[in-house]
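In what follows, a single structure is set out as structure tokens and then discussed.
Remember, it's 1-based here, ligands and their atoms both numbered in the order they're listed. Positions are given from 1 along the sequence. From a predicted model like this one, the values you see are computed outputs, not experimental measurements.
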Amino acid sequence: MKNIEIAGSGYAVPGRCITNHDLEKTVDTSDEWITARTGISTRYVSETENTVSLGCRAAVNAIANAGITPADIDLIIVATMTGDNLTPSTACLIQEKLGINSRHVMAFDINAACSGFIYAMHIASAMLGQYRCALVIGAETLSKIIDWTDRNTCVLFGDGAGAVIMRPGEKSHMAFYADSAGDSSGTLQATGPLLHPALENCQRTFGYLHMDGKEVFRFAVKAIEDSIHHVLEGTGVTPEEIDLIIPHQANIRIISYVARKMGLPMEKFFINLDTFGNTSAASIAIAFAQAQQQGLIRPGMKIVLVGFGAGFTNGAVYIRM
Ligand code: UT7
């Protein structure tokens with residue numbers, strides 16, 4: 001286990017709230033179907049913001065919550081699959097907006113889809129020591145890659161960003177677990193603008209997010225349970241002893257299935273997918289920040305963050321606060 005603390009957290013969502021009833025007007029769906037099959041009631045979608053501005057707002061909130069200044073940060077990692085550009089990275093553009101201009105800063109993006117924030121925390125933990133203060137962000141504008149005429153996907157996702165400040169700290173410790181299993185079969189994918197070599201036919205198209213929901217569901221429930229067991233290996237802590245589990249917010253049925261299977265009460269699981277929908281790499285980051293704001297995260301508590309996503313990827317972070 002590593003002696004690392006989360007010094008602060010914050011989140012941001014865009015201004016426009018889309019309800020299930022709003023979606024009834026644009027696709028063949030119903031509030032009853034969406035609520036019963038997913039637990040989602042609303043999601044926030046960006047009209048004027050992008051991934052950089054959402055990530056930056058979450059970062060500003062996390063920096064204020066930690067009581068530090070941007071100048072204290074020397075490592076910035078952004079987990080996203082909807083960065084505004086191929087380059088410069090979202091992390092570099094957020095660095096500029098935050099005015100972090102000291103010379104010894106490392107800033108970069110990673111893409112592990114909905115597991116991205118877990119992966120980013122894992123990477124930050126390995127780099128802390130050489131770096132003294134990490135800003136770790138999960139940020140997405142999924143609305144850019146959603147086909148708003150496809151009822152199979154458009155009801156599920158939302159935009160947003162969450163951030164934490166990680167730094168070495170004697171009081172709390174963390175353990176990490178990550179896994180991936182390459183899958184190009186299209187079970188969960190959004191193909192990129194550079195799929196074809198320029199010499200082939202110069203196509204510059206990108207695909208909307210597409211998935212086989214049932215197959216992803218099957219992967220998700222196993223990935224969450226496996227990740228929780230793996231991250232606790234060697235900690236001496238059992239799942240029953242965990243005070244709060246913050247899972248990727250994809251579907252309430254995924255979470256309640258896992259709770260039942262593991263014999264854990266639903267009260268242990270933090271849920272905000274009803275409000276925000278699935279915000280991919282931002283989801284666990286937003287949930288952590290919201291739980292902290294609500295006073296649900298206190299010193300001494302044992303917490304697990306757990307995610308799964310396209311790739312396939314999955315992973316977990318154990319935190320003794
Ligand atoms: O971050 C990871 C991202 N993805 C996930 O976590 C997704 C995991 N999977 C799921 O959450 C669920 O599989 C879904 C919510 C996507 C779908 O729920 P389901 O219970 O697996 O439904 P289904 O796909 O089996 O569809 C059942 C029916 C179908 O109609 P028929 O063939 O039975 O006539 C669908 O066409 O529901 C229909 N349907 C809808 N009906 C109303 C699919 N989407 C909708 C909709 N409104 N939005």
Side-chain angles (χ1 to χ4, degrees), residues 18-43 45 79-82 111-119 138-160 162 179-181 183 185-191 207-227 246-259 261 269 271-274 276-287 305-316:
I18 297 186
T19 66
N20 292 347
H21 292 296
D22 292 331
L23 289 170
E24 284 174 351
K25 296 175 196 139
T26 53
V27 286
D28 180 17
T29 191
S30 66
D31 177 46
E32 292 72 29
W33 191 97
I34 303 170
T35 309
R37 298 281 181 132
T38 71
I40 297 166
S41 300
T42 58
R43 71 286 293 145
V45 169
T80 185
M81 60 172 178
T82 50
N111 178 350
C114 306
S115 311
F117 188 66
I118 300 286
Y119 272 49
E140 302 280 16
T141 37
L142 292 167
S143 55
K144 295 175 188 170
I145 61 162
I146 297 300
D147 178 355
W148 289 96
T149 65
D150 175 13
R151 69 176 184 174
N152 291 297
T153 50
C154 76
V155 303
L156 303 175
F157 297 96
D159 299 339
D179 192 24
S180 64
D183 171 69
S185 67
T187 309
L188 180 52
Q189 72 174 19
T191 53
Y208 289 120
L209 190 80
H210 173 83
M211 70 177 175
D212 175 343
K214 282 202 184 310
E215 204 48 54
V216 177
F217 196 108
R218 270 191 284 275
F219 164 71
V221 292
K222 184 167 181 332
I224 294 177
E225 188 178 354
D226 285 356
S227 299
I246 302 183
H248 172 44
Q249 305 285 314
N251 186 328
I252 192 69
R253 284 164 50 224
I254 292 175
I255 298 168
S256 53
Y257 182 99
V258 171
K261 177 106 191 306
F269 291 81
I271 312 287
N272 67 8
L273 59 84
D274 48 328
F276 298 123
N278 180 346
T279 56
S280 189
S283 107
I284 295 169
I286 294 173
L305 317 183
V306 58
F308 63 90
F312 288 111
T313 56
N314 58 286

Could you check if a side-chain atom of Cys114 sits within less than 4.5 angstrom of a side-chain atom of Asn278, using non-hydrogen atoms only?
yes
Nearest-0.5 Å distance that lies between atom CG in Asn20 and atom OG1 in Thr38:
6.5 Å
Is there any protein N/O under 3.5 Å from an N/O of ligand 1, and what does the full list of such pairs look like?
unit_1: ligand 1; atom_1: 1 (O); unit_2: His248; atom_2: NE2; d: 2.8
unit_1: ligand 1; atom_1: 1 (O); unit_2: Asn278; atom_2: ND2; d: 2.8
unit_1: ligand 1; atom_1: 9 (N); unit_2: Gly213; atom_2: O; d: 2.9
unit_1: ligand 1; atom_1: 11 (O); unit_2: Asn251; atom_2: ND2; d: 2.7
unit_1: ligand 1; atom_1: 13 (O); unit_2: Gly213; atom_2: O; d: 3.3
unit_1: ligand 1; atom_1: 20 (O); unit_2: Arg37; atom_2: NH1; d: 2.8
unit_1: ligand 1; atom_1: 20 (O); unit_2: Arg253; atom_2: NH1; d: 3.3
unit_1: ligand 1; atom_1: 20 (O); unit_2: Arg253; atom_2: NH2; d: 3.3
unit_1: ligand 1; atom_1: 21 (O); unit_2: Lys214; atom_2: NZ; d: 3.2
unit_1: ligand 1; atom_1: 22 (O); unit_2: Arg37; atom_2: NH1; d: 3.3
unit_1: ligand 1; atom_1: 25 (O); unit_2: Lys214; atom_2: NZ; d: 2.7
unit_1: ligand 1; atom_1: 36 (O); unit_2: Arg151; atom_2: NH2; d: 2.9
unit_1: ligand 1; atom_1: 37 (O); unit_2: Trp33; atom_2: NE1; d: 3.2
unit_1: ligand 1; atom_1: 41 (N); unit_2: Trp33; atom_2: NE1; d: 3.4
unit_1: ligand 1; atom_1: 41 (N); unit_2: Arg151; atom_2: NH1; d: 3.4
unit_1: ligand 1; atom_1: 47 (N); unit_2: Thr29; atom_2: OG1; d: 2.6
unit_1: ligand 1; atom_1: 48 (N); unit_2: Thr29; atom_2: OG1; d: 3.1
unit_1: ligand 1; atom_1: 48 (N); unit_2: Arg151; atom_2: O; d: 3.0

Do Thr187 and Glu215 have side-chain atoms, one donor and one acceptor, less than 3.5 Å apart?
no
Shortest non-hydrogen pair, Phe157 vs Arg43, comes out as O-CG, 3.2 Å
Checking side-chain contact (heavy atoms from CB on, under 4.5 Å) for the pair Glu24/Asp31: CA distance, chi angles, key distance, verdict?
CA-CA 7 Å; Glu24 284 174 351; Asp31 177 46; 3.5 Å; yes
Out of Phe269, Phe117, Phe308, which one pairs with His248 under the ring-ring contact (aromatic ring centres under 6.0 Å, His included) rule?
Phe308
